[in-house]
Amino acid sequence: MISRPRGTRDFDVAEMEKRRFIQKQMENVFKRFAYKEIATPTLEHLELFEIKSGGNIIDELYSFKDKGGRDIALRPELTAPVMRFYVEKLQMETKPLKFYYFGNCFRYDRPQEGRYREFWQMGCELIGSCSPEAIAELIALAYHAIKKTGLVNIRLRIGNLNLLEKQVRQAVAASSSDFSSAFHTDIFRLIDKNDIDGMEQLLTQYKSSSQQIDLFKGFLQSNNLDNIAKYFKDSTEAQADIDDFKKMLDALELFGVPTRDVIEMKIARGLDYYTGTVFEIEAPQLGAEKQLCGGGSYTLVSLLGGTEIPTAGFAIGFDRVMMALDREKYEFPISSDLIYVMSLDRDLGREVIKLVSQLRHSGFIVDFDLMNRAIGRSLKHADKIGAKKTIILGRNEWDQGNVIVKDMQSGTQQEIKKEELKTFIA
Ligand code: HAM
């Protein structure tokens with residue numbers, strides 16, 4: 001027996017029905033926000049992800065040499081591919097561009113519940129604006145798409161990397177001019193992991209005083225913009241970021257998203273391409289892998305050879321949404337529309353096929369006996385596969401222009417005129 005690779009999953013019929021149902025719910029919200037679907041390949045040149053995705057992602061890449069000796073990677077996410085597509089083909093299109101996607105991603109991580117080597121993301125990228133209103137609309141989209149699935153318990157957190165970076169610089173400025181990119185990566189990674197001890201150690205290594213460290217820790221705990229402004233006394237740049245943050249929160253409320261307690265300065269995000277606003281949505285009931293969605297504004301286009309333009313986006317971890325719904329014991333409103341057709345007489349076999357075809361043409365989901373089962377067994381089978389109604393063809397009824405329709409739930413049977421069949425079973 002050959003088993004599936006570690007960190008991958010098979011989905012049975014019931015699970016696929018649930019997944020497709022939730023996918024549609026979210027897609028409908030994306031469409032209502034005037035986002036349009038695009039798709040990119042599962043394979044990309046390895047280089048695409050080495051440019052700016054950052055250490056975590058690179059360590060986890062599935063990559064290989066193809067038969068032509070080219071370095072290829074399975075996509076670990078879709079932002080870099082979408083930006084590659086934009087730079088290659090879409091730069092001349094009218095802005096803003098609002099794209100959404102649904103696709104599988106691969107990360108060679110240690111598998112555990114909620115963390116897979118193959119997983120699905122539904123996300124969007126906005127190209128052309130990072131104004132407070134644009135970011136607010138983006139966050140509202142992520143929030144409403146997740147809410148639309150029926151999930152109750154979610155938490156939105158919004159931070160700002162410009163402000164965070166300025167504070168990191170202030171925390172080391174007086175003592176060290178060495179704000180290297182290695183330091184930047186390390187400190188952001190520690191903040192992202194909420195590793196306060198590690199962060200303190202690193203800052204001490206960079207000769208921050210305990211006073212500076214305390215100040216920085218105070219900043220990370222701040223969740224009120226007036227309070228946050230006090231950390232940036234002389235910076236007009238920081239004040240502009242704070243004013244934009246306020247405008248964005250105001251617009252977010254207008255988009256129907258509650259903004260109480262959403263500010264969280266310690267959001268650092270695990271990918272290196274983010275710049276200003278960053279946000280995450282979590283489902284606390286999922287424990288360690290509670291992050292359902294992550295995103296923000298970012299810079300990638302110019303690094304890929306395109307003309308610089310504001311960009312922002314997010315991705316929802318589809319598998320985690322499914323898990324969170326499961327934890328909340330969500331009842332999927334999935335009803336069967338299956339119609340089963342069978343005959344009591346073998347010589348009606350051709351009539352069965354004709355009727356099945358007509359009904360399928362009219363849009364019904366129809367199945368019929370392919371295994372020459374006896375009548376009783378055929379009915380049992382129809383029941384097992386969840387048929388809503390079974391149409392039974394009998395010689396006498398058929399010759400009189402009728403069929404028998406059995407309601408599989410109530411068990412009642414009725415003789416119906418062939419011409420009235422479609423309306424009756426609809
Ligand atoms: P990310 O935070 O790396 O961001 O991933 C987004 C979401 O994908 C996570 O919040 C999580 O729900 C899900 N996810 C990540 N890794 C796994 C895994 N191994 N197993 C299951 N689910 C996982 C991005 O990928 C960015 N491209 C988001 C973005 C779009 N930023 C701007 N535009």
Side-chain angles (χ1 to χ4, degrees), residues 6-9 19 26 30 35 38 40 44 48-49 51-62 74-86 97-127 130 134-135 138-139 141-142 145-146 149 151 154-157 159 161 188-189 192-193 267-284 286-301 310-325:
R6 215 161 108 77
T8 65
R9 287 153 301 154
R19 287 174 74 91
M26 294 210 281
F30 279 88
Y35 275 75
I38 56 166
T40 59
E44 294 280 356
L48 176 65
F49 303 110
I51 291 177
K52 197 70 186 177
S53 295
N56 281 348
I57 288 280
I58 288 173
D59 293 346
E60 294 169 2
L61 269 180
Y62 267 95
L74 298 182
R75 61 184 177 201
E77 56 110 35
L78 280 105
T79 307
V82 171
M83 290 305 116
R84 192 243 338 115
F85 182 21
Y86 167 74
L97 289 166
K98 292 171 136 187
F99 296 134
Y100 83 86
Y101 49 78
F102 180 64
N104 53 349
C105 302
F106 303 84
R107 296 186 191 177
Y108 194 84
D109 200 356
R110 189 125 62 95
Q112 52 189 286
E113 220 195 3
R115 185 168 286 272
Y116 308 103
R117 289 186 174 166
E118 185 190 26
F119 60 98
W120 275 258
Q121 281 190 346
M122 178 173 282
C124 79
E125 309 300 339
L126 170 67
I127 304 170
C130 281
I135 297 290
L138 187 80
I139 298 176
L141 170 56
I146 293 176
T149 64
L151 206 57
I154 63 171
R155 188 174 161 231
L156 167 66
R157 301 147 68 229
L161 291 189
F188 271 67
R189 201 181 284 195
D192 186 44
K193 283 190 188 149
I267 299 182
R269 302 287 300 131
L271 293 140
D272 281 357
Y273 49 58
Y274 291 106
T275 47
T277 306
V278 281
F279 69 98
E280 293 178 352
I281 298 176
E282 54 187 43
L286 290 186
E289 303 307 329
K290 63 185 174 191
Q291 198 188 302
L292 290 182
C293 169
S297 56
Y298 57 87
T299 306
L300 265 178
V301 169
T311 44
F314 65 81
I316 297 171
F318 187 76
D319 310 271
R320 293 193 188 166
V321 171
M322 297 305 297
M323 268 178 66
L325 284 167

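Start at 1 and go down the list; that is how both ligands and their atoms are numbered. Hydrogens, waters and symmetry mates are skipped; everything else that's a heavy atom, side chains included, is used.
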Using a heavy-atom cut-off of under 4.0 Å, does the side chain or the backbone of [X] touch ligand 1, or both, or neither?
X: Q291; value: both
X: F119; value: side chain
X: Q121; value: side chain
X: R269; value: side chain
X: R115; value: both
X: C293; value: backbone
X: L292; value: backbone

In this structure, does ligand 1 have an atom that sits under 4.0 Å from one of the heavy atoms of R117?
no

Heavy-atom contact under 4.0 Å between Y101 and ligand 1?
yes

Classify the side-chain pair Y298/E125 by whether it contains a donor and acceptor separated by less than 3.5 Å.
yes

Identify whether NZ of Lys or CZ of Arg in R117 sits under 6.0 Å from the centre of the six-membered ring of F106 and within 45° of that ring's axis.
no

Could you pull out, from Y116, F106, F318, the option with a heavy atom nearest to atom 20 (N) of ligand 1?
Y116

Sub-4.0 Å atoms of ligand 1 with respect to non-hydrogen atoms of Y273
26 (C), 27 (N)

Taking atom CZ of F102 as the centre, does the number of heavy atoms from other residues, nucleotides or ligands within less than 6.0 Å exceed 12?
yes

Any side-chain to backbone donor/acceptor pair from R9 onto E118? Under 3.5 Å, distance only.
yes

Counting distance only, does the side-chain N/O of R84 pair as donor-acceptor with the main-chain N or O of T40 below 3.5 Å?
no

